[in-house]
Protein chains: 2
Amino acid sequence: MIKERKEDITTEQKILQAAKEVFTEKGLDGARMQDIADKAGINKALLHYYFRSKEKLFDVIFVEEARKFMPKLVEIMKSDMDLFEKIEKFVAEYISTLMQNPLLPIFILSEINRNPKETLKKILGNQRPPLEIVDEHLAKLAKKGVIKPIKAEQLMLNMVSLCIFPFIGRPMIQWIMKKNDKEFLAMMEERKVNVVKFITDSIRK
Amino acid sequence: MIKERKEDITTEQKILQAAKEVFTEKGLDGARMQDIADKAGINKALLHYYFRSKEKLFDVIFVEEARKFMPKLVEIMKSDMDLFEKIEKFVAEYISTLMQNPLLPIFILSEINRNPKETLKKILGNQRPPLEIVDEHLAKLAKKGVIKPIKAEQLMLNMVSLCIFPFIGRPMIQWIMKKNDKEFLAMMEERKVNVVKFITDSIRK
DNA sequence: GTCTATATTCCGATAGAC
DNA sequence: GTCTATCGGAATATAGAC
């Protein structure tokens, strides 16, 4: 933050990396500054030197992770792709993101639940997916007889649910299905196809 | 716990009720004994008198809530109902349960994520849904041409995802869709039908 | 910038009177 | 059983040397 030479960038980076790991795993309340310091290979005082307080450090991590978590539903849905292409693109991309950041959903959604208003204002502001546009789009396709009638709200909620939930329920799912980490990820990889098929089979006429 | 006369049952009850509210809202780490005491209208010392420690009190709440959370997938799936009836029954019953306990999923799944092994052993043991039976069942129906081929694993994961996720993402969903609590619950009520339709439309041939 | 040592705050838990 | 007062530890945060 103050030193600027090449090798020294790494201290702040190391802190951020360590903080990300500890916070995503334990949440704000469960995380310990000591653990973050240990993982970063430095000591507690230095954390405060760089970020003043636990809350401030947490905020940096949180908004960064929240950005990753928010699906690009808006952009994808507004593009001029075919509906079925949109669904395929969204599901595949989003599941890929989550496979690389498996703890993201439970981390973000837990924190939102603990402190909804503040948190949501911070990360969403007034962003909203273009439900009306998608609704028109769906209505048109339904009229043409290409798909069954469905509300954008419901369709998008279903898409998101099918992508995100397995990661939130991951430990339980692995336990019940007796899968190790590798097998779970393989299942998620398969799911990219399965979920798309599940959705399109449902809405297609 | 010690006194047995009628009016006095309420102290322990009051504690349990207060503890349930605070723990489900804040989680183990975020909950404060002081808040529980305040909400129960007693003082901290009395909490310890009744439950010895925060952890012990938490455990009581947790196993009680976990039982509610675990869907009766096993029983329903093993019954001799028609597949589509099973799906309908499961979805409607489960969404009803969650509407009455909206914080249940995020509470249980957060705690599982913080401490997977211990927690899962405690609440699940060796319980597992009869995936093989359902798989056979699904294979038979697929052969008859009633449904498209699908793995039990995927079907059940999809069912559970579609029911649970909206409650986990509730604050975010309400924010994005500009719905108040009443409107959200109305949407979940509608969803009982919508989700069943979504699933059956997908697998039916 | 980085460390050691220490201050400060908070919170779970206990002692002891009633 | 219930309360007030207090202890003791843990965790965040700061002071100050290097």
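Quick caveat, the model's predicted, so the values are computed rather than measured. Residue numbers start from 1 in every chain, and the chains themselves are labelled A, B, ... in the order their sequence lines are given, proteins ahead of strands. Values below: every heavy atom of this structure, side chains too, minus hydrogens, waters and symmetry copies.
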- Starting at CZ of A:Phe23 and ending at C1' of D:dT12, how long is that distance when rounded to a whole Å? 12 Å

- Electrostatic pair A:Glu93:A:Lys89 at N-O distance under 4.0 angstrom: yes

- Give a yes/no on whether any side-chain N or O of A:Thr11 is located under 4.0 angstrom from OP1 or OP2 of C:dT2. yes

- Message: Please report the distance, rounded to the nearest Å, between CG in A:Leu47 and C1' in D:dA11.
- Response: 13 Å

- Item | salt bridge (Lys or Arg N to Asp or Glu O under 4.0 Å) contacts touching residues 60-83 of chain A (sequence neighbours left out) | A:Glu65-A:Lys68

- Message: Heavy atoms within less than 4.0 Å of DNA chain D: which residues of residues 24-32 of chain A have one? Give them sorted by number.
- Response: A:Ala31, A:Arg32

- Message: Closest approach to the side chain of B:Leu46, judged atom by atom: which nucleotide of C:dC3, C:dG12, D:dC3 is it?
- Response: D:dC3

- Considering residues at least two apart in sequence or located in another chain, which fulfil the side-chain hydrogen bond (donor to acceptor under 3.5 Å, both in side chains) criterion with B:Lys44? none

- Message: I'd like to check B:Phe23 versus B:Leu28 (side-chain heavy atoms, cut-off strictly below 4.5 Å). Are they in contact?
- Response: yes

- Query: Under the side chain to side chain donor-acceptor pair (under 3.5 Å) rule, what pairs show up with a residue in residues 96-112 of chain B, not counting sequence neighbours?
  - Reply: A:Ser110-B:Ser110, B:Ser96-B:Lys192

- Item | Residues which pass side-chain hydrogen bond (donor to acceptor under 3.5 Å, both in side chains) with B:Lys151, listed by chain and number, not counting sequence neighbours | none

- Would you indicate, yes or no, if C:dC3 has its OP1 or OP2 atom less than 4.0 angstrom from a side-chain nitrogen or oxygen of A:Asn43? yes

- Message: Can you pull out every ring-ring contact (aromatic ring centres under 6.0 Å, His included) where at least one residue sits in residues 61-81 of chain B? Sequence neighbours excluded, please.
- Response: B:Phe58-B:Phe62, B:Phe62-B:Phe107

- Ignoring the backbone of B:Tyr50, work out which of D:dA13, C:dT2, D:dG1 is nearest its side chain. D:dG1

Produce the list of close N/O pairs, under 3.5 Å, pairing protein atoms with atoms of nucleotides 14-18 of chain C; give distances to one decimal.
none

- Task: Could you list all the side chain to side chain donor-acceptor pair (under 3.5 Å) pairs where at least one residue sits in residues 14-28 of chain A, not counting sequence neighbours?
- Result: A:Gln17-A:Glu21, A:Glu21-A:Lys39

- Which nucleotide in C:dT2, C:dA13, D:dC3 has an atom nearest any side-chain atom of B:Ile42: D:dC3

- Message: Could you work out, with side-chain hydrogen bond (donor to acceptor under 3.5 Å, both in side chains) as the rule, every residue matching A:Asp38, not counting sequence neighbours?
- Response: A:Gln34

- Rounded to whole Å, CD of B:Gln13 lies from C1' of D:dG1 at a distance of 16 Å

